[in-house]
Amino acid sequence: MSALSEKLLANTSKPERTPAVLALEDGTVFWGTACGAQGEVAGEICFNTTLEGYLEVVTDPSYAGQIVAMTYPQIGNYGVHRADVQAAHPALRGFVVRDMCQTPSNWRSEMSLPEYLVAENVVAIEGVDTRALVRHVRKHGALRAVLSTEDLDGASVVEKARASAPIVGANLVQGVSCATPYSFGCGDVAAGKDFALTPAAPTRYQVVAYDCGVKRSILEGLARIGCEVHVVPWNTPASEVMALAPDGVFLSNGPGDPDAVADTYREVEKLLGEVPVFGICLGHQMICKAAGARMQKLKYGHHGGNHPVANLLTGRVEITAQNHGFNLVFPSLGDIDGARSHGFAEHAGDLRTWVERGVAPVVHNARFGGIRLTHVNLNDGTAEGIAFTDIPAFSVQYHPEANPGPTDAHYLFTAFARLMDGRSDYLDIDIAQDRLQGWRF
């Protein structure tokens, strides 16, 4: 930096600068300064496009194994309110921002984001050209990376990135799931949001939730529709789940490669057809794997709160919150059933073709019968949701609870309640009305 830059910086709220470096396995190096804990971490680099909700991003267990870069230029403006955290402690490897706010201003703020990152031992860097970083990741894919405040030799840190373990093949779920079962109900919903949300509904359903890295707001979403949630570890046997006599089973979000989480999807295969099942994110992938589907790793994943998804059942477009790096290969579920797909008997090369046709196609699955494609990502044509036609089960690839993100997909909680009520029209919901449910205006 120039002498003038240093002089200007000395008169701001920024603390004394400690150098930091972010290096990618392809040799690209970004320089900046530390804005969190000191240390050195390795992980897969990814970027999140949300404009707010940085604390929910930092504490989302689905980011285990990853270094997260925020595309919005200034992060930390409204500080940290601990009632907004999605897990007791962050699971991500590191955090990258363009500019970190040291002096937040918000009536709910309890501390600054840098203070929180230091307290939780999260290594973070600011001063990075995040636009250049995101363009690089979009072009070259999600690369292995190392973030360091200890080793400032760019070539050395690049070699460490190349030597680090990849996400593919790693079971990251076992590191973020609960160790023992616990319950979560309407009495556990955080009171800190009462100014914005109406009280939770009285308990009507007993639900078992597989914790693959569940966000607290997901549990709150279930509690708000009247669920007493019995949270169990990721590898709980199906027999133990059924012994609890649940009205439904929920499969949570979680990190990493779904192929590595066999102890979950093998148990899910035993549950499908025995009890109503709803899955989101990794839980969606667990249902797909249980049905024999194949997964693919996305080039740079979906991470953010502005992903447009076409609902093939209603014709509406939902703006959704997403966080995943793997996705369902829809044709691997089975051959198209032309009689149930408006006469179309072949798979479409781009799933957005089904949006143009106004058709929600059905495949014949060798294990569970009919499976309908219900949602398609309009950015890249990937599968975003399925519903079984012969058993009570459905799932989506995105997050329905808007932490952070929009409320368009709130109706999925309502759909789960209707599925547990035995309704065949459980997904026939006006999302424009349902997205307003539960909010104080």
Side-chain angles (χ1 to χ4, degrees), residues 48-63 81 83-88 91 176 184-186 188-201 205 207 209-229 231 248-255 278-285 302-307 309 311 318-324 375 384-385 394-420 426-427 429 431-440:
N48 185 291
T49 59
T50 52
L51 305 185
E52 43 71 43
Y54 51 78
L55 181 61
E56 290 91 336
V57 170
V58 167
T59 56
D60 183 349
S62 294
Y63 279 118
H81 183 64
D84 296 336
V85 301
Q86 297 301 301
V176 295
F184 190 101
C186 61
D188 299 298
V189 173
K193 298 178 182 178
D194 288 350
F195 72 96
L197 299 172
T198 57
Y205 311 101
V207 170
Y210 272 83
D211 178 10
C212 295
V214 69
K215 295 163 61 178
R216 180 184 175 88
S217 55
I218 295 289
L219 297 178
E220 291 189 355
L222 292 169
R224 288 186 179 280
I225 61 167
C227 298
E228 179 70 23
V229 187
V231 185
V249 171
F250 174 76
L251 307 171
S252 85
N253 62 290
F278 172 37
I280 68 158
C281 198
L282 184 75
H284 161 74
Q285 296 167 3
H302 298 161
H303 311 279
N306 54 356
H307 290 259
V309 170
N311 184 323
E318 305 164 20
I319 304 302
T320 66
Q322 306 204 8
N323 181 13
H324 59 100
H375 298 79
E384 291 281 1
F394 75 110
S395 60
V396 295
Q397 184 60 76
Y398 49 96
H399 294 199
E401 88 307 341
N403 279 276
T407 61
D408 292 23
H410 173 273
Y411 75 97
L412 293 166
F413 289 117
T414 305
F416 185 38
R418 290 167 61 153
L419 181 67
M420 290 187 287
Y426 63 95
L427 279 172
I429 296 172
I431 65 173
Q433 293 296 320
D434 189 88
R435 70 191 298 270
L436 304 178
Q437 299 301 310
W439 291 88
R440 298 182 189 273

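Note that these values count all heavy atoms, side chains included, but never hydrogens, waters or copies made by symmetry. Keep in mind the model is a prediction, meaning the values are calculated, not measured.
Side-chain contact check for V176 versus P255: some heavy-atom pair is nearer than 4.5 Å. A heavy-atom distance below 4.5 Å is found between the side chains of Q397 and Q285. The side-chain heavy atoms of N253 and N323, taken from C-beta on, include no pair separated by under 4.5 Å.
Under the side chain to side chain donor-acceptor pair (under 3.5 Å) criterion, H324 pairs with H302, Q322, not counting sequence neighbours. Judged as a side-chain contact (heavy atoms from CB on, under 4.5 Å), and not counting sequence neighbours, the contacts of A415 are F394, Y426, L427, I429. Remark: E220 pairs with R216 by the salt bridge (Lys or Arg N to Asp or Glu O under 4.0 Å) rule, at least two apart or across chains. With sequence neighbours excluded, no residue forms a side chain to side chain donor-acceptor pair (under 3.5 Å) with T59. Evaluation of the side-chain contact (heavy atoms from CB on, under 4.5 Å) rule for A223 yields F184, V189 as partners, not counting sequence neighbours. In this structure N306 satisfies the side chain to side chain donor-acceptor pair (under 3.5 Å) test together with T49, sequence neighbours excluded.
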**Asked** Should F278 and V207 be marked as a side-chain contact (heavy atoms from CB on, under 4.5 Å) after you check the CA-CA gap, both sets of side-chain angles, and the distance that decides it?
**Response** CA-CA 10 Å; F278 172 37; V207 170; over 6 Å; no
- request: I would like to know whether L251 and I280 meet side-chain contact (heavy atoms from CB on, under 4.5 Å); could you show each step before the answer?
  value: CA-CA 6 Å; L251 307 171; I280 68 158; over 6 Å; no
* To do: Determine, step by step, whether M420 and C227 satisfy the side-chain contact (heavy atoms from CB on, under 4.5 Å) criterion, reporting the C-alpha distance in whole Å, the side-chain angles of both residues, the deciding distance to 0.1 Å, and the verdict.
  => CA-CA 11 Å; M420 290 187 287; C227 298; 4.0 Å; yes
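Between F416 and F250, the ring planes are tilted. Angles from 30° to 60° get that label.
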